[in-house]
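As structure tokens, the structure follows; a few thoughts come after it.
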Amino acid sequence: MWMRKRKKDDEEEQEKEEKWDWDGGDFGVYMKEKERKLREQHEADLEAEGGESGFFFKGVVVWVDGFTNPGRDELRRMVYKGGGKLETYFHPRIVTHVVATHFPKFKIVHLQKAMMSNQVHQYVVTPDWIVKSLSQKRRLPESEFLVPGLRDETQSVLNLAQRSGSTELSAGRSMGKTSNPEPASVVAGVGTDVGEDTDPDKFAEKLLHKSTRENPNFVRDYFSASRLHFIGSFRARYESLIAAVAMHRGCSASDLLRTKGTTKENGVMRSIIHIDMDCFFVSVAVAKDPSLAGIPLVVCHQHGGEISSASYEAREKGVRAGMFFREAVKLCPELKIVTYRFEDYERVTFQIYCIFYELSPVVEAVSVDEAFLDVTDADLPQDILAAMPELSNMPPAERIALTIRRRIAEETGCPSSAGIGANKLLARLATKRAKPNGQFYLSDEEAVQYVADLPVRDLPGVGWSTGGKLQELGVERCDDLQRRSLSQLQALVGEKNGESLYRACRGQDDKQVQPMKVRKSLGAEASWGVRFYEDEGLKMHDFVRDLAAVVSEKLQEARAVGQRITIKVYWKMKNASLPHKTLGHGPCDIYNRSVKTERTSDAKTIAEKSIELLNAVKIPPQELRGLGIQVHDLVFLDIVDSSGSNIARFLKQSSTSVGGSTASNPASAKIPSPKLVDSSSLPSGWDESVFRSLPKHVQQEVLEEHRQNQRQDQRARSAGRTSTKSETRSENAPESKPQKKNSRRKPTGINAAVRASVRAKGCA
DNA sequence: ATCCTCCCCTAC
DNA sequence: TAAGGTAGGGGAGGAT
Ligand SMILES: Nc1ccn([C@H]2C[C@H](O)[C@@H](COP(=O)(O)OP(=O)(O)OP(=O)(O)O)O2)c(=O)n1
Ligand SMILES: [Mg+2]
Ligand SMILES: [Mg+2]
């Protein structure tokens with residue numbers, strides 16, 4: 001059976017549900033608490049270091065943005081040595097120096113502006129400033145270490161700031177860019193010899209230099225050109241984005257995350273806005289080159305391939321994201337292509353989030369072009385209202401949405417749409433109706449009837465598979481769904497999903513708008529361009545090492561270590577037909593293998609474990625079509641004592657003491673949770689509620705550690721789980737079945753024409 | 001019952 | 001620049 005993960009249906013708004021809650025703790029408080037603990041810890045560390053080697057960093061407070069080399073921990077040590085400090089979260093009144101190696105261009109341009117108008121008071125330097133200063137034991141001039149983009153443009157900005165009040169930026173240059181259309185990156189829609197059943201491997205040959213077979217820098221090159229990597233990494237970048245927004249607004253990162261969304265409880269009607277950019281990637285291109293406006297246009301790679309985003313003119317012809325260009329051009333012969341501009345998308349994302357945070361007290365990031373805002377208790381500020389008398393008769397949520405959309409259009413040149421409703425579901429459904437370039441309020445009274453008329457596939461969470469199952473039951477629209485009993489739905493899709501469906505088709509949803517979530521896992525994978533020869537086992541291992549290095553960087557950036565490593569192996573199926581996509585993975589069996597490890601974020605360790613797992617799969621190199629490495633059971637290091645995180649020690653002291661925080665145990669959150677372990681079985685002196693709030697695997701670990709400590713009853717040992725032996729089933733099981741992707745039979749009878757049809761949308 | 005592990009599904 | 005990533009919710013089914 002052909003393996004496809006992408007569906008051709010029109011793309012839907014997503015709904016990300018947050019099950020997990022800390023019972024009252026909010027992220028803002030969490031961050032504040034972490035900051036406080038960190039400061040205490042720094043002081044302790046400083047003492048422990050036994051004397052610094054100077055005071056040349058006196059008054060210096062560093063914040064590290066993203067991944068750096070040397071790493072954050074190393075930089076922290078160095079800064080301490082010089083008598084300075086390092087903060088974990090950006091705060092404009094505390095931080096004096098931002099340290100970064102990769103600083104996106106948009107931030108640089110933005111910073112220049114902000115610095116000139118005296119709004120930013122931080123130096124933005126490379127790690128070298130710290131390294132070299134320390135080695136010379138004196139504070140070297142920052143101006144020589146400004147991050148590359150700033151170096152040329154605004155030398156020693158901070159010194160200039162006084163005389164520059166309103167000085168225009170040096171003529172043209174980077175700023176001029178925004179007004180100049182780019183040199184045509186547009187390609188005529190006449191793909192070379194598309195449409196023919198050309199042997200994909202003919203093309204593949206030409207492309208081999210980009211594959212693992214011939215490109216030693218494959219992993220990085222691939223990721224930097226992959227749109228799915230770009231949108232998939234959004235969450236990982238979000239903390240850094242928040243810091244940039246905070247810098248822009250002159251507040252701290254935790255200020256932005258402090259307020260949690262309202263709940264349904266008090267009976268007050270909630271007001272939720274869902275806002276999403278119209279054909280985001282396309283719009284960014286059109287904003288840059290207005291001559292592209294109004295034509296059928298898609299974003300994808302130069303030679304076709306998969307479409308990332310389609311203009312609304314293209315959609316009228318049935319063109320959709322996820323289609324191959326060669327299919328799309330059959331529907332729309334005059335279709336034009338623009339190529340990717342990831343830096344620009346990143347800049348626009350930054351701009352729209354600045355606006356969200358300015359006009360809404362609660363923001364939940366959904367993606368690179370989309371967010372939920374809880375504006376139940378909000379309205380526009382007086383000055384805006386005064387300047388816009390035409391808004392005075394509009395309900396607050398609607399005028400907030402309108403103002404945000406206008407601001408987005410002004411500042412980015414891109415259209416957006418917004419939906420407003422009493423819950424996230426209705427807001428999201430309203431957005432769909434509002435597009436393009438409109439907004440729509442879906443009132444509670446209309447909600448049930450409105451939802452009843454929708455195809456079930458429009459409900460967030462109902463995708464290709466669930467939609468097919470429902471159709472087999474004869475369920476097409478939500479009113480069909482409304483007639484099914486709860487238990488019937490649960491029998492079909494399971495208990496929780498059944499209940500969600502049952503409620504969703506009635507327009508009900510009580511999930512909160514959540515400012516921030518704690519990551520539970522992280523990883524990297526590539527399943528394109530993976531090709532090795534039979535005798536290239538060693539090269540294959542290099543590939544694993546490259547992926548492991550990426551994963552390691554992500555761990556460091558997240559300030560976490562992991563305790564479980566999982567690999568995912570794409571193994572070309574026997575007699576697999578050629579991949580549909582050039583150099584794609586084609587039909588594959590997928591094998592997952594995982595091991596527990598000591599806590600680690602180290603690239604070598606991750607590579608070694610992954611290679612062991614891969615070897616256990618015994619795949620001939622020439623049949624490998626993709627590989628992923630994931631890390632689970634994360635422990636966050638923010639608050640861990642630097643010696644190496646002994647959680648038992650943390651538990652032993654009161655709840656205010658030091659410990660690691662894990663995904664389900666934000667440090668210092670005290671969570672009464674259902675009894676898991678009889679308190680009498682806990683070692684005396686342990687804080688029971690803290691213990692219970694730990695995830696299972698940490699509880700186990702802690703108990704194990706305690707037992708060992710008792711046995712040897714000697715000094716504390718380095719933490720980490722000890723030999724609980726090869727725990728994974730997959731390791732023990734001689735043969736575990738490969739996962740078959742989409743082994744489910746494709747739902748029959750879905751009418752392609754229906755799927756492709758575009759519903760006419762009204763705009764507000 | 002509840003937990004644990006390995007998937008499947010979904011969204012962007 | 002032909003680049004099918006990333007992460008979470010949660011179900012199935014065996015272990016405890
Ligand atoms: N299959 C997909 C879906 C999305 N994207 C990228 C390109 C989109 O521009 C961006 C945002 O996704 P949306 O679902 O919001 O789609 P658009 O913004 O393009 O269109 P719409 O107006 O429907 O929101 O993510 C992608 O690369 N591939
Ligand atoms: Mg969009
Ligand atoms: Mg979107």
Side-chain angles (χ1 to χ4, degrees), chain A residues 3-7 11-20 185 187 191-192 200 203-204 206-207 210-211 215 218 221-236 276 280 300-306 308-309 321-322 324-326 337 339-342 366-370 460-466 493-498 500 517 519-530 554 564 566 568 570 579-586 588 590 592-594 625-626 628 630 632 663 674 676 696-697 700 727-730 733 736-744:
Chain A
M3 184 171 108
R4 306 250 0 204
K5 359 196 241 193
R6 236 122 280 291
K7 289 111 234 160
E11 65 280 6
E12 316 223 352
E13 307 307 318
Q14 93 152 29
E15 150 97 282
K16 215 79 224 235
E17 167 171 358
E18 185 45 42
K19 290 271 2 151
W20 182 92
S185 62
V187 178
T192 44
F203 292 115
K206 285 194 232 159
L207 264 191
K210 299 177 188 301
S211 74
N215 181 358
F218 171 78
D221 286 353
Y222 170 59
F223 281 157
S224 67
S226 162
R227 82 187 202 278
L228 289 178
H229 172 78
F230 177 79
I231 61 179
S233 309
F234 169 74
R235 290 202 168 275
D276 184 293
F280 183 49
C300 66
H301 282 284
Q302 197 78 260
H303 294 278
E306 210 169 300
S308 175
S309 179
F324 287 115
F325 179 77
R326 62 170 178 269
I337 292 176
T339 53
Y340 294 95
R341 317 186 63 100
F342 295 122
V366 177
S367 81
V368 86
D369 82 327
E370 184 178 345
V462 178
W464 183 84
S465 172
T466 311
V493 295
E495 186 176 340
K496 303 262 200 171
N497 290 336
S500 304
K517 304 164 194 190
R519 258 205 295 191
K520 295 184 173 144
S521 74
L522 102 214
E525 73 177 88
S527 67
W528 184 91
V530 179
K554 287 188 178 188
R564 173 175 296 273
T566 306
K568 174 177 175 185
Y570 288 69
H580 224 159
K581 198 186 186 91
T582 316
L583 280 185
H585 52 63
C588 286
I590 291 185
N592 291 282
R593 291 286 184 277
S594 88
R625 286 293 176 272
Q630 286 81 37
H632 291 260
L676 306 161
K696 290 288 114 19
H697 70 270
Q700 268 179 12
E727 304 85 346
T728 59
R729 190 195 325 201
S730 42
S736 64
K737 274 262 168 113
Q739 153 196 355
K740 278 234 173 45
K741 245 184 160 176
N742 274 348
S743 56
R744 218 191 90 78

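Because only heavy atoms are used, hydrogens play no part in the values below, and waters and symmetry mates are left out as well, while side chains stay in. Sequence lines set the chain letters: A, B, ... in the order given, protein chains first and strands last, and positions in each chain run from 1.
- Judged purely by atom type and a 3.5 angstrom limit, Lys554(A) uses its side chain to pair as donor or acceptor with the backbone of Gly523(A).
- What separates CG of Leu583(A) from P of dG4(C) is a distance of 12 Å, to the nearest Å.
- Within 4.0 Å (heavy atoms only), Gly523(A) reaches sugar-phosphate atoms of the nucleic acid but no base atom.
- In this structure, CZ on Arg326(A) lies 10.5 Å from CD on Glu306(A), to the nearest 0.5 angstrom.
- When each of dA3(C), dT6(C), dG10(C) is scored by its nearest atom to the side-chain atoms of Lys496(A), the top-ranked nucleotide is dG10(C).
- Regarding Asn592(A), its CG atom lies at a distance of 14 Å from the P atom of dC9(B), rounded to whole Å.
- The phosphate of dG9(C) (OP1 or OP2) has a side-chain N or O of Lys520(A) nearer than 4.0 angstrom.
- Base engagement by His301(A) is indicated by at least one non-hydrogen atom pair under 4.0 Å involving a base atom.
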Kindly indicate, with the supporting measurements, whether the criterion ring-ring contact (aromatic ring centres under 6.0 Å, His included) is fulfilled by Phe325(A) and His301(A).
CA-CA 9 Å; Phe325(A) 179 77; His301(A) 282 284; over 10 Å; no
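- Nearest to the side-chain atoms of Trp528(A) among the listed nucleotides dG10(C), dG4(C), dT6(C) stands dG4(C).
- Side-chain N/O atoms of Lys568(A) include none lying less than 4.0 angstrom from OP1 or OP2 on dC6(B).
- A close approach under 4.0 Å does not occur between any side-chain nitrogen or oxygen of Ser224(A) and OP1 or OP2 of dA3(C).
- Rounded to whole Å, atom P of dG4(C) lies 16 Å from atom CZ of Phe325(A).
- At dT6(C), one or more side-chain N or O atoms of His229(A) fall inside 4.0 Å of OP1 or OP2 (strictly under the cut-off).
- Of the candidates dC6(B), dG11(C), dA3(C), the closest approach to any side-chain atom of Asn497(A) belongs to dG11(C).
- With dG5(C), dG8(C), dG10(C) as the choices, the nucleotide that has an atom nearest any side-chain atom of Ser521(A) turns out to be dG8(C).
- Between the CZ atom of Phe234(A) and the P atom of dG8(C) there is a distance of 14 Å, rounded to whole Å.
- Base contact: Gly232(A) has a heavy atom under 4.0 Å from a base atom.
- Set against dT1(C), dG5(C), dG8(C), the side chain of Phe342(A) has dT1(C) as its closest nucleotide.
- You'll find that the side chain of Ala225(A) is closest to dA3(C), out of dG8(C), dG4(C), dA3(C).
- For Ser211(A) against Leu583(A), the heavy-atom pair with the smallest separation is CB-CD1, 4.2 Å.
- Between Lys581(A) and dA3(C), a side-chain N or O to OP1/OP2 separation shorter than 4.0 Å is present.
- Phe223(A) comes within contact range of the sugar-phosphate backbone alone, with a heavy-atom separation under 4.0 Å but no base atom that close.
- Using a 4.0 Å cut-off, no side-chain N or O of Arg235(A) falls inside it from OP1 or OP2 of dT6(C).
- Taking the six-membered ring where the residue is Trp, the centroids of Tyr222(A) and His229(A) are separated by 6.0 Å or more.
- Atom CZ in Arg564(A) sits about 14 Å away from atom C1' in dC7(B), given to the nearest Å.
- For the pair Ile337(A) CD1 and dA3(C) P, the interatomic distance rounds to 10 Å; values are reported in whole Å.
- Note: CZ (Arg593(A)) to P (dC6(B)) measures 9 Å, nearest angstrom.
- In terms of phosphate contacts, Arg227(A) brings a side-chain nitrogen or oxygen within less than 4.0 Å of OP1 or OP2 of dG4(C).
- Note: Phe218(A) and Trp528(A) have parallel aromatic rings, judged against thresholds of 30 and 60 degrees for the angle between ring planes.
- Within the nucleic acid shown, Val493(A) comes within 4.0 Å of sugar-phosphate atoms alone, with no base atom in reach, counting heavy atoms only.
- Regarding contacts with the backbone of dG4(C), a side-chain N or O of Ser226(A) is found under 4.0 angstrom from either OP1 or OP2.
- Residue Tyr222(A) places none of its side-chain N or O atoms closer than 4.0 Å to OP1 or OP2 of dT1(C).
- Closest to the Ser527(A) side chain, of the nucleotides dA3(C), dG8(C), dG5(C), is dG5(C).
- Closest to the side chain of Glu495(A), from the set dG9(C), dT5(B), dG11(C), is dG11(C).
- Straight-line distance from the CG atom of Asn215(A) to the P atom of dA3(C): 15 Å, rounded to whole Å.
- Ala236(A) comes within contact range of no nucleotide atom at all, as no heavy-atom separation falls under 4.0 Å.
- Listed by chain and residue number, Asp369(A), Glu370(A) satisfy the side-chain contact (heavy atoms from CB on, under 4.5 Å) test with Ser367(A) (two or more places apart in sequence, or in another chain).
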